[in-house]
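Residue numbers start from 1 in every chain, and the chains themselves are labelled A, B, ... in the order their sequence lines are given, proteins ahead of strands.
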Protein chains: 2
Amino acid sequence: MPNTRPATRTTIMDVARVAGVSRQTVSNAINSPERVRPETLSKVLQVVEDLHYRPSSAARTLRHQRAGAVGTELNAVAAQPSDIALPFLTALTLSATRHACHMVPFASKEAFPLLSGYQDMVRRRLVDAFVLTDTHPGDPRPAWLEEAGIPYASFGRIYDDPTRGYWADVDGAAGTKMAVAHLAETGYRTVGFLGWPAGSAVGDDRRAGWAQGVEEHDVAAGPAGSAPQSLPEAVRAAEALLDELSPGDAVVCASDVLALGVQQAALGRGWRPGADIGITGFDGSPVAQLHGLTTLTQPLNEIAEHLLTVVHDQLAGSADAAQGTLLLPTLDANNSTVITPKKGTS
Amino acid sequence: MPNTRPATRTTIMDVARVAGVSRQTVSNAINSPERVRPETLSKVLQVVEDLHYRPSSAARTLRHQRAGAVGTELNAVAAQPSDIALPFLTALTLSATRHACHMVPFASKEAFPLLSGYQDMVRRRLVDAFVLTDTHPGDPRPAWLEEAGIPYASFGRIYDDPTRGYWADVDGAAGTKMAVAHLAETGYRTVGFLGWPAGSAVGDDRRAGWAQGVEEHDVAAGPAGSAPQSLPEAVRAAEALLDELSPGDAVVCASDVLALGVQQAALGRGWRPGADIGITGFDGSPVAQLHGLTTLTQPLNEIAEHLLTVVHDQLAGSADAAQGTLLLPTLDANNSTVITPKKGTS
DNA sequence: CTGAAAGCGCTTACAG
DNA sequence: CTGAAAGCGCTTACAG
C-alpha cells in the first residue's frame, strides 16, 4: 500500500520527548539558540537531526501571522510567453530558499491582471507579498498593491512613476552601449541598430544606448530600423538594413528574435555572422543560445535576490534597508547591467 | 505609508459577529452549507462577501493536516530547460485552482534530484504530494516517493516499470504516425525521419510511430537519420538526409529543434519548407511557433488536469478513482495523444 | 438545525 | 537558562 499516508508526523513534542526537555526548549534551540545552554542545544539539535524534524510551516504561519511566501503571476494568455519567464521564476525559487520562504505562482485566464487575484492570495494568507513581472506603462498593479497595503517588488521599472515603489530592472541603454563597445573592439567599423517601433519604453531605451555608443566609440553610426517581435517581420526589416550595410559592418538589436532576423537575412545573402557581419541580441534567451547568437544576458539571479531582499525588508518594516541601491552593474562582457531606483520617500 | 500592513485581518469571528451567528455556523455555511438553514446561509454568505472574508489557509492546513499544495521541481541546472516547462507549470497552476490547491515550485542546484529536497517539503507540511516531470529510465524518484509513502503523479511515463505509479504521457508513436498521415494527405510521397540517437525511450517511440506510419499509409519510407538536440548537429544530419531526398518529399522529426535543423538545411539549398519539402516537429514549443513549423502540440492542460486529479484521488484514499483511464486521445490535426497507464494493482 | 469544546503545531511573552 | 500559559484561525466531532 504505497500510498498510505503515515498516521502521524514528527512534531516538536516528539523531539522534546526524545531529547528529554520541554517543547519550549526545542523551539528555543531552533529559533533562539543563544538562549539555550550549549550542551542542551547540541543534544536537541542532534535529536532534530535524528528524527528529521522540520517545524510545520502551517503552524508557524498561524503563529507568526505571516505566510513566508511570495506570490508571482504566470502569464496564461500570452501566445508567446517571455523567453526569460521560466529562468526568472527558477531564480526566484532558488533565492526564496535563502530567504526562508517559497514562491507561490498563480495564473488566470483573464486577458488583464485582476486585482482580486492578488487580494485573494493575501486574504487567504497564502502569500505576504508579490513579485511583479512584465510591468509596462499604464500597469495598474503597483497602484493597486500600494493602495491595498500589500508589499511588492517589481522586475521591470514602474513606468508611470519610476521614483515609486521598489523595482529592479536591466539597464537597457547601458546594455546596447556595451554591445557597441564590444563590436567596436572586435573591429567592426559601422554599427547599425534594429529595434522595435518607437514608443515602447524598453525599446526606446535600448536604442538610446546604441546611439550613445556609436557616438562615444570609434565607430560610424549605421542605419536604424525597426520591426515588431516576430521573426518574418524581423527578417524583412533586416533585409532593408543590410541593403545599406556591407560586410565588415555590424547590427545591434533590441532583442534576440530581432537578432535572429538579422542572422537569417545575413545567411540569406551569404554573409557569415560573426565574421562578415557582427550581430548582438538582447536578453540571453534560449533562442539566442539555440542559434549561437551573441546576446546581452540579464542577471536574473541578482535581480531575483534583490527583489526578495527588498520584499523582506518591507515585511520587516525596515523601510530604509530597501532604499538606495542605485546602481548594481554587472559589467562583464556577457552581462547587462541592473539598476534599481533611488527611493526619495518611502 | 503605503507599506504598513493592516493591523488585523478579517477572520471567521468578524463574519460571525456581523452576521449575528456563532463562528461555527459561519464555518458550516462555508464547508457544509446543507447543514445551515437557507436564510441563515444566505445572510452569512452575504456578510462573507461584504467583508471579503477568506479562510486562512494556514489555519485550515493545521486543522486538516493537509497542505492543500502540490510541489514540483524546477530544473535549475539544465543549460537548455525544456521548452514546455513553463507552459506546463502554467497549466498546473491553472488546474490547481480548480482543485482548491496551489503549486509550490522548488529547485536546487544539484545536478541530480535529491530525495531530501522532496522529503523536506513534506516534513514542513508545505506540500502533500508532487508532480514529477522529465522522468527517464533510471529515474530514482518514483521509487523514493513510493517508499516514503508520498503521493505523486508524473508527466512522463515511469520507464523502469510503466505499470507502476500514476502518470500521463504523450503517445509519441501515435503522434509521429499522425504526422505521417498528415504529410501523406497533403501529397508528399516519400517521408523520412530525423530523430535522436537510438537508445532514448522517447526517441525510439517516436521513430517507431514513423515506421508504422509509412507502412500503413500510401507513402514510401525515406531515409532515417539522427542527431542530438543541438541545432548545428541537427542541420548537419538534415543535410545528409536531404541528399537522399528530392523536392516533394517530407521529413518527420522527433523534436522541434530537429525540425528546425531540417528547415534550415532546406532553406540552404533553396527548397521552400511546406512546398518543396514537408517538415513536422514535435512538442509545440515556442521555437516551432517562432519559425512557423508544423508541430505536434502536447495537450498540456489535459495532462495537468489529469495529474492533479490523480494526486487528489490518492490523497483522498480512493485508489480506484485514479485507475483506468487507459487512453485519452486528442486526435485533432494539431494535437498529439495522451495515454495514461492502466494500473494493475494499486 | 445550531452552538460550546477540543485541538491541529507552533512561538512569544512571561514567570520561575 | 528553562518551563507553564496563551493563542494564532480554523474545523470536526459532539451535545443540545
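D:dT11 atom P lies 9 Å from atom CG of B:N28, rounded to whole Å. Summarising the geometry, the separation between CZ on A:R66 and C1' on C:dC10 is reported as 16 Å, rounded to the nearest angstrom. Atom CZ of B:R17 is separated from atom P of D:dG9 by 11 Å (rounded to the nearest Å). In this structure, the CD atom of B:Q24 is 10 Å from the C1' atom of D:dC10, given to the nearest Å. Whole-Å rounding puts the B:E39 CD to C:dC1 P distance at 11 Å. Rounded to whole Å, atom C1' of D:dC10 lies 9 Å from atom CG of B:N31. Atom CZ of B:R37 and atom P of C:dC1 are 9 Å apart (whole Å). Between the CG atom of B:L62 and the C1' atom of C:dG7 there is a distance of 9 Å, given to the nearest Å.
As the counterpart of C:dA13, no nucleotide is assigned, since no Watson-Crick or G-U wobble pattern has both distances under 3.5 Å. Checking C:dA4 for Watson-Crick or G-U wobble geometry (two distances, each under 3.5 Å) identifies no partner in any strand.
Of the side-chain N and O atoms in A:T40, one or more sit less than 4.0 angstrom from OP1 or OP2 of D:dT2. In this model, the phosphate group of C:dG9 is approached by a side-chain N or O of B:Q65 to a distance below 4.0 Å at OP1 or OP2. Considering only side-chain N and O atoms, B:R63 lies nowhere under 4.0 angstrom from the phosphate OP1 or OP2 of D:dT12. B:R60 has no side-chain polar atom (N or O) that falls below the 4.0 Å cut-off from OP1 or OP2 of D:dG9. Residue A:T25 places at least one side-chain N or O closer than 4.0 Å to OP1 or OP2 of D:dG3. Taking 4.0 angstrom as the limit, B:R35 places none of its side-chain polar atoms (N or O) nearer than this to OP1 or OP2 of C:dT2. Look at B:H64 and you'll find a side-chain N or O under 4.0 angstrom from OP1 or OP2 of D:dT12.
Side chain to side chain, A:N301 and A:E305 fail the donor-acceptor criterion of an N or O pair below 3.5 Å. Checked by atom type, the side-chain pair A:R60/A:S57 shows no donor-acceptor distance below 3.5 Å. Residues A:S108 and A:E110 have side chains that never bring a donor and an acceptor to within less than 3.5 angstrom of each other. A donor-acceptor contact under 3.5 angstrom links the side chains of A:N31 and A:S27, judged on distance only.
Nearest-nucleotide positions on DNA chain C place B:P38 closer to the 5' end than the other of B:P38 and B:A59.
For A:F106 and A:Y118, the distance between ring centers is under 6.0 angstrom. Aromatic rings from B:Y166 and B:Y152 are positioned such that their centres are separated by 6.0 Å or more.
Listed candidates were C:dG9, D:dC10, C:dA4. Nearest to the side chain of B:I12 is D:dC10. Listed nucleotides: C:dG9, C:dT2, D:dT11. Nearest to the side chain of A:S56: C:dG9. The side chain of B:R23 lies closest to D:dC10, out of D:dC10, C:dC1, D:dG3.
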